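Read the structure below first, then the notes.
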Amino acid sequence: MTLPAPPMSLLAELTHRCPLSCPYCSNPLELERKALEMDTAGWRSTLEQAAEMGVLQVHFSGGEPMARPDLVELVALARDLNLYSNLITSGVLMNAANLDALEKAGLDHIQLSFQDVTEEGAERIGGLRGAQGKKLEAAKLIKASGIPMTLNFVVHRENVARIPQMFALARELGAGRVEIAHTQYYGWGLKNRDALLPSREQLEESTRAVEAERAKGGLAIDYVTPDYHADQPKPCMGGWGQRFMNVTPSGRILPCHAAEIIPNVTFPNVRDMPLADIWNHSELFSMFRGTDWMPEPCRSCDRKEIDWGGCRCQALALTGNAANVDPVCSLSPFHERITEAVERAESPELVYRRF
Ligand code: SF4
Ligand code: FES
């Protein structure tokens with residue numbers, strides 16, 4: 001039996017705890033409590049197994065990963081194992097001392113998230129007073145430390161007009177890279193889709209702003225467009241079970257951060273089963289890997305090994321069946337669910353995420 005190629009990256013969701021309460025949070029609807037979190041020994045074993053399998057990168061994420069007191073120890077272990085380490089953080093718990101410890105442990109990169117460029121916009125989304133000032137301070141500390149930094153801005157109908165100011169802030173703070181990511185509507189984010197989905201005009205304006213900034217040079221830019229204005233889906237996670245593994249705070253191993261909505265399947269846990277066995281043999285990872293599972297029109301489509309049929313979680317959330325064609329695809333029999341959502345989008349009250 002041929003085994004699948006090993007994953008390239010592992011997302012370690014060290015905790016779901018987070019001081020922010022963003023309405024577009026992509027974590028699952030049911031957050032895992034602190035008492036269920038894996039202990040340090042569990043995370044150490046997971047990283048060791050990942051390196052043994054050939055994983056190249058570990059992304060420490062959450063929730064807010066800086067809420068875990070063992071973060072520095074785990075970063076140091078990643079360095080010992082030759083794993084490239086990236087910290088995905090809101091920055092609100094960062095200070096000179098803990099950043100210095102992370103730098104000494106060998107952290108390779110930090111992705112710092114901003115909710116907006118204005119304090120008012122940031123507090124409206126993140127729900128935490130004073131967060132913007134803490135993030136600006138964190139960015140200055142990171143720049144001074146020399147650790148390469150990416151700023152991440154999640155954009156939606158309320159802040160999409162401020163993309164030029166986001167680039168200006170990134171240049172001012174000395175970021176090497178900026179990610180402008182349109183909100184993806186999974187997990188909690190789907191609850192706020194009608195309030196956050198930008199219009200087509202707003203999307204076009206945001207794309208023009210990105211292109212204008214790219215033309216200036218000197219700043220690497222990643223631009224993630226919203227599925228809802230597309231006719232072809234993205235290759236979610238680079239294909240189910242092909243490049244990516246997600247570890248939840250309690251040690252469940254998933255093909256993507258939203259996969260726990262898939263019904264009638266066991267979610268394997270690294271506390272019960274070796275990581276390599278989960279990747280190679282579990283039902284969860286095998287069920288949508290490759291192309292054998294695909295229905296028509298994917299099965300006979302020449303894009304099937306480009307987008308791998310799109311996103312299984314989106315197919316489930318919008319059609320009730322994860323094995324359906326992603327409704328973003330114009331060839332999907334459910335594509336009108338996307339076009340209707342775009343037409344319906346308005347501005348109801350935001351529903352906040354609270355731990
Ligand atoms: Fe992708 Fe399937 Fe649509 Fe083809 S039919 S573009 S493989 S989702
Ligand atoms: Fe789960 Fe796309 S988020 S497959």
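Heads up: numbering here begins at 1 and tracks the sequence. Order of listing sets the numbers, starting from 1, for every ligand and every atom in it. All of these numbers come straight from a predicted model, not from anything done at the bench.
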* Structure fact -> Closest non-hydrogen atoms of Leu20 and Ala131, given as atom of the first, atom of the second and distance, are CD2-CB, 4.2 Å
* **Structural part of Ser330 in contact with ligand 1, heavy atom criterion under 4.0 angstrom** => neither
* Asked: Counting heavy atoms only, which part of Cys236 comes closer than 4.0 Å to ligand 2: side chain, backbone, both or neither?
  -> side chain
* Asked: In terms of hydrophobic clustering (I, L, V, M, F, W, Y; side-chain heavy atoms under 4.5 Å; direct or indirect links), are Ile253 and Met273 co-clustered?
  -> yes
* What protein heavy atom is closest to atom 2 (Fe) of ligand 1, reported as residue, atom name and distance in Å? -> Cys298 SG, 2.3 Å
* Asked: How far apart are the closest heavy atoms of Ser85 and Asp108, and which atoms are they?
  -> N-OD2, 3.0 Å
* contact_flag Arg312 ligand 2 heavy-atom lt 4.0 Å -> yes
* To do: Please state whether Val325 comes within less than 4.0 angstrom of ligand 1, counting heavy atoms only.
  => yes
* Asked: Does Glu120 CD have over 12 foreign heavy atoms under 6.0 Å away?
  -> no
* Does Gly310 come within less than 4.0 angstrom of ligand 1, counting non-hydrogen atoms of the residue? -> no
* To do: Check ligand 1 against Cys329 and write out every atom of the ligand that is under 4.0 Å from a heavy-atom position of the residue.
  => 3 (Fe), 5 (S), 6 (S), 8 (S)
* Structure fact -> Note: ligand 2 atoms sitting under 4.0 Å from heavy atoms of Cys313 are 1 (Fe), 3 (S), 4 (S)
* Is there a path from Ile163 to Leu219 through hydrophobic residues (I, L, V, M, F, W, Y) whose side chains come within less than 4.5 Å of each other? -> yes
* Just heavy atoms, cut-off under 4.0 Å: does Cys301 contact ligand 1 by side chain, backbone, both, or neither? -> side chain
* **Side-chain ion pair, Arg177 and Asp222, N-O less than 4.0 Å** => yes
* How are the rings of Trp240 and Phe288 set relative to one another: parallel (under 30°), tilted (30 to 60°) or perpendicular (over 60°)? -> perpendicular
* Asked: Any idea which atoms of ligand 2 are less than 4.0 Å away from a heavy-atom of Cys311?
  -> 2 (Fe), 3 (S), 4 (S)
* Asked: For ligand 2, is any non-hydrogen atom under 4.0 Å from Cys256's backbone (N, CA, C, O), its side chain (CB onward), both, or neither?
  -> side chain
* Might you point out which heavy atoms bring Trp279 and Pro4 nearest each other, and give the distance in Å? => NE1-CG, 4.0 Å
* Asked: Does ligand 1 have an atom that lies less than 4.0 angstrom from a heavy atom of Lys304?
  -> yes
* Asked: Are the ring centres of Tyr228 and His182 closer than 6.0 Å?
  -> no
* **From Asp307, Thr291, Asn324 - option closest to atom 7 (S) of ligand 1 by heavy atom** => Asp307
